[in-house]
Amino acid sequence: MPEREPAPATVALPPGAPTALTPLLTGRRSVKELTGDVLDLEEVAGLLRHAAGVDGAGHPTYASARSAHLVSVTLVAGAVAGLHPGSYQYQASRHLLRTEALGDQRPALAAATVDAHWVSGAPAVLVLTADIRAADARFAELGPGQGDRFAWLEAGLITQNAYLWAAAVGLGVAFIGGLDRAACAREAGSVLPAGHTVLGLLPVGNPAY
Ligand SMILES: Cc1cc2nc3c(=O)[nH]c(=O)nc-3n(C[C@H](O)[C@H](O)[C@H](O)COP(=O)(O)O)c2cc1C
């Protein structure tokens with residue numbers, strides 16, 4: 001038998017053929033300087049549908065363990081044409097917004113961040129939340145804390161969808177995960193689904209540069 005060559009310490013990789021996705025993946029950025037320009041409802045609807053919605057056949061744009069869809073998306077609108085400032089629950093299956101509370105909720109969200117107070121000036125903010133206790137109960141037979149993990153992972157998938165869609169249409173988004181849990185409950189508790197934990201914020205607007 002011929003003697004095997006020793007395995008190299010490193011393997012140089014081919015570049016991988018570019019696809020239509022390549023410019024979106026390489027062009028996506030966390031955009032933290034937004035203009036205060038009013039967003040069209042169309043722009044917000046497109047972002048919601050592609051980040052956390054379903055296609056024409058009702059199939060979601062992101063994977064979810066057992067299709068449980070643990071993450072809820074609340075749109076906090078400040079400057080969106082056709083929407084009163086307030087918070088709205090996104091219902092993906094029907095692609096509609098349910099009004100939850102009126103009034104500008106953005107300062108409350110901004111106050112709950114560790115280092116992103118500029119969020120108060122974003123025209124809109126997507127708030128990703130989950131009922132962690134219910135999620136854990138749903139996956140209890142897999143062991144403790146699995147629903148919790150799945151919810152956070154789901155939030156990551158939704159976030160990357162939002163980044164790619166934003167890159168495609170020229171919107172700015174950034175994931176804000178540094179949150180003060182107590183401040184979230186205190187400041188934003190009244191505008192979010194009962195019993196939910198905030199997983200992260202996605203402020204959205206037009207890039208300032
Ligand atoms: C899990 C996670 C949490 C983050 N939390 C914050 C945050 O609290 N505040 C903030 O300004 N940016 C936050 N970011 C954004 C990162 O700082 C940003 O992704 C980083 O600057 C790299 O920029 P890029 O996405 O353009 O590559 C977070 C990003 C991730 C993925």
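Note that the coordinates shown come from a computational prediction; the quantities given were computed from them, not determined experimentally. In each ligand, atom 1 is the first atom listed, and ligand 1 is the first ligand listed.
- Contact check on Arg66 versus Glu141 returns a salt bridge, with a Lys/Arg side-chain nitrogen under 4.0 Å from an Asp/Glu carboxylate oxygen.
- Every residue two or more places apart in sequence or in another chain that forms a side-chain contact (heavy atoms from CB on, under 4.5 Å) with Ala108 is listed here: Glu187.
- Scored by the side-chain contact (heavy atoms from CB on, under 4.5 Å) test, Glu42 finds Asp40 as partners (sequence neighbours excluded).
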Pairs under 3.5 angstrom only: tabulate donor-acceptor contacts from the side chains of residues 67-76 to other protein residues two or more places apart or in another chain.
| residue | atom | partner | partner atom | Å |
| --- | --- | --- | --- | --- |
| His69 | ND1 | Tyr62 | OH | 3.2 |
| Thr74 | OG1 | Gln89 | OE1 | 3.1 |

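- Residues Ser64 and Glu154 bring a donor and an acceptor atom of their side chains to less than 3.5 Å of each other.
- Checking side-chain atoms of Glu33 against main-chain N and O of Val31 turns up no donor-acceptor pair under 3.5 Å.
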Provide, line by line, the atom pairs where ligand 1 and the protein bring an N/O atom each to a distance under 3.5 Å; else say none.
| residue | atom | partner | partner atom | Å |
| --- | --- | --- | --- | --- |
| ligand 1 | 5 (N) | Gly177 | N | 2.9 |
| ligand 1 | 8 (O) | Gly178 | N | 2.8 |
| ligand 1 | 9 (N) | Asp115 | OD1 | 2.9 |
| ligand 1 | 11 (O) | Lys32 | NZ | 2.9 |
| ligand 1 | 12 (N) | Lys32 | NZ | 2.9 |
| ligand 1 | 14 (N) | Phe175 | O | 2.9 |
| ligand 1 | 17 (O) | Lys32 | NZ | 3.1 |
| ligand 1 | 19 (O) | Ser30 | OG | 3.0 |
| ligand 1 | 25 (O) | Arg28 | NH1 | 2.7 |
| ligand 1 | 25 (O) | Ser30 | N | 3.4 |
| ligand 1 | 25 (O) | Ser30 | OG | 2.5 |
| ligand 1 | 26 (O) | Ser30 | N | 2.8 |
| ligand 1 | 27 (O) | Arg28 | NH2 | 3.1 |

